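Note sheet for the following structure.
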Amino acid sequence: MTQLPTEATHLPSSSDCNGIGIRVFGNADAANRCVAEEIANQMIYAANEGRNCVLGLATGSTPIGVYRELVRMHRDEALTFDNVITFNLDEYLPMQPHEPQSYVRFMNEKLFDHIDIRRENIHIPDGAIDPSAIEAFCRGYENRISDAGGIDLQLLGIGRTGHVGFNEPGSTRDSLTRRVRLNAKTRADAADDFRGIEHVPIHAITMGVQTILSARKIRLLAFGDHKAPIIRRTIHGAITGDVPATFLQGHGDTQFLLDEMAASRLDFVSSDETHHS
Ligand code: F6R
């Protein structure tokens, strides 16, 4: 392996495959800092132009480090969220906002309670909604995203099934915000959080594939060995509704930020090409 000068060792290796930019980092922290900085720059750029910055946000274990870094930037570097409007990807159905597994609670605890975002600028699908009102709610969610000017940057994780948001296998490219049925693997992955698979909700509300693809920039994070097979399929595989994340191949400004383990099954990334920070 070629020894790099020390000042260059924070740089990730970068490549492009099927239209997806791929950046491989020595560890998750380095990837988290990189995305948090890009989000902060997007916010500052919009503020300087007198505009709002519209962010699409994800839950789950993956983005926690990004939120931690954004909170730190708010606290230590006076980064303001005064001009930020957020739309979360999804929420279980049914789900009351105060329940431990609620994405409302997650976002408050990980991010919103620690920054100066205006509460009226936060949008999360309503898991407590009456079933008869779901369709109208979903149409309204799409309208609110459009009225806000569309999403500037969408943050994503990825599920073992290849879901983005809760767009499970079988989702179509033109799908919009809607009620979905969760895949058995996704429910199994959530079983610990709910103390048993039998308590995991069967349904969720999620932004659609098209809703996600309408974002001007998409940044997907994946860390760990267990994500390597689905990352390989998403990047090297054919575009198919069986692996909804493959629709990102057609987007145009999508980057995957991976640690070495998540990237370990990609054809062209050898560990010699990645650099540690
Ligand atoms: C969460 C979401 C999901 C997760 C995915 C990965 O809002 O939309 O698609 O990003 O299930 O979850 P973790 O990060 O827990 O591995």
Side-chain angles (χ1 to χ4, degrees), residues 28-29 31-32 35 55-68 86-93 95 97 99-112 122-127 138 141 145 151 153-171 175-194 197 200-213 215 218-231 233-234 241 243-248 254-259 261-263:
D29 281 349
N32 291 334
V35 176
L55 299 176
L57 299 179
T59 56
S61 57
T62 307
I64 290 176
V66 173
Y67 298 149
R68 196 181 303 123
T86 62
F87 289 90
N88 264 78
L89 282 165
D90 43 23
E91 176 60 287
Y92 292 109
L93 193 67
M95 180 58 70
E99 288 184 77
Q101 304 87 357
S102 138
Y103 288 167
V104 171
R105 189 162 164 174
F106 175 98
M107 289 307 301
N108 285 336
E109 288 177 358
K110 303 296 180 209
L111 184 65
F112 298 144
I122 295 171
H123 306 88
I124 301 179
D126 183 0
C138 293
Y141 206 70
I145 294 173
I151 292 172
L153 188 149
Q154 175 68 55
L155 192 60
L156 293 179
I158 185 168
R160 273 199 300 151
T161 60
H163 72 211
V164 282
F166 277 139
N167 292 286
E168 298 285 20
S171 298
S175 54
L176 297 173
T177 303
R178 67 203 187 287
R179 187 182 89 129
V180 290
R181 200 181 170 89
L182 294 173
N183 184 283
K185 276 191 197 167
T186 300
R187 293 186 65 240
D189 285 347
D192 281 354
D193 290 343
F194 285 85
I197 193 162
V200 180
I202 292 178
H203 293 103
I205 296 179
T206 184
M207 280 187 198
V209 174
Q210 185 175 307
T211 323
I212 292 169
L213 291 176
I218 297 175
R219 300 293 179 258
L220 183 147
L221 293 165
F223 306 130
D225 237 4
H226 61 299
K227 296 288 169 89
I230 195 61
I231 287 295
R233 245 192 117 189
T234 299
V243 183
T246 57
F247 289 122
L248 299 173
T254 289
Q255 276 182 20
F256 282 20
L257 295 95
L258 312 172
D259 67 3
M261 288 180 290

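All residue numbers in this chain count up from 1 along the given sequence. Just follow the structure's listing: the first ligand is 1, and inside any ligand the first atom is 1. Remember, predicted model here, so these are calculated numbers, not experimental data. Worth knowing before you read on, the calculation uses all heavy atoms, side chains too, and leaves out hydrogens, waters and symmetry mates.
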> How far apart are the C-alpha atoms of D29 and F223, what are their side-chain angles, what is the distance that settles it, and do they pass the side chain to side chain contact (heavy atoms under 4.5 Å, CB included) test?
Replying inline: CA-CA 10 Å; D29 281 349; F223 306 130; over 6 Å; no
Identify the closest protein heavy atom to [atom]: which residue and atom is it, and at what distance?
atom	value
atom 1 (C) of ligand 1	T59 OG1, 3.1 Å
atom 10 (O) of ligand 1	G157 CA, 3.4 Å
atom 15 (O) of ligand 1	S61 N, 2.9 Å
atom 11 (O) of ligand 1	H163 NE2, 2.7 Å
atom 8 (O) of ligand 1	D90 OD2, 2.6 Å

In terms of atom number and element, which parts of ligand 1 are under 4.0 angstrom from non-hydrogen atoms of [X]?
X	result
G60	14 (O), 15 (O)
I158	5 (C), 6 (C), 10 (O)
T62	13 (P), 14 (O), 16 (O)
K227	6 (C), 13 (P), 16 (O)

> Roughly how far apart are T86 OG1 and L155 CG, rounded to 0.5 Å?
Replying inline: 11.5 Å
> Roughly how far, to the nearest 0.5 Å, is OG1 of T177 from CD1 of I205?
Replying inline: 9.0 Å
> Is ligand 1 less than 4.0 angstrom away from at least one heavy atom of R160?
Replying inline: no
>> Angle between ring planes, Y92 versus F166, binned at 30° and 60°: parallel, tilted or perpendicular?
In response: tilted
> Can any side-chain N or O of N167 pair as donor or acceptor with the backbone N or O of M207 at less than 3.5 Å?
Replying inline: yes
>> Strictly distance-based, threshold 3.5 Å: is any side-chain N or O of E168 a donor or acceptor partner for the main-chain N or O of L182?
In response: no
> For R181, does the CZ atom sit with more than 12 other heavy atoms under 6.0 Å from it, leaving out its own atoms?
Replying inline: no
> Which one holds for L89 and ligand 1: side chain close, backbone close, both close, or neither close, with close meaning a heavy atom under 4.0 Å?
Replying inline: side chain
> Among G159, G165, A190, whose heavy atom sits nearest atom 3 (C) of ligand 1?
Replying inline: G165
> Given H163, which of T186, N183, T206 fulfils the side-chain hydrogen bond (donor to acceptor under 3.5 Å, both in side chains) condition?
Replying inline: T186
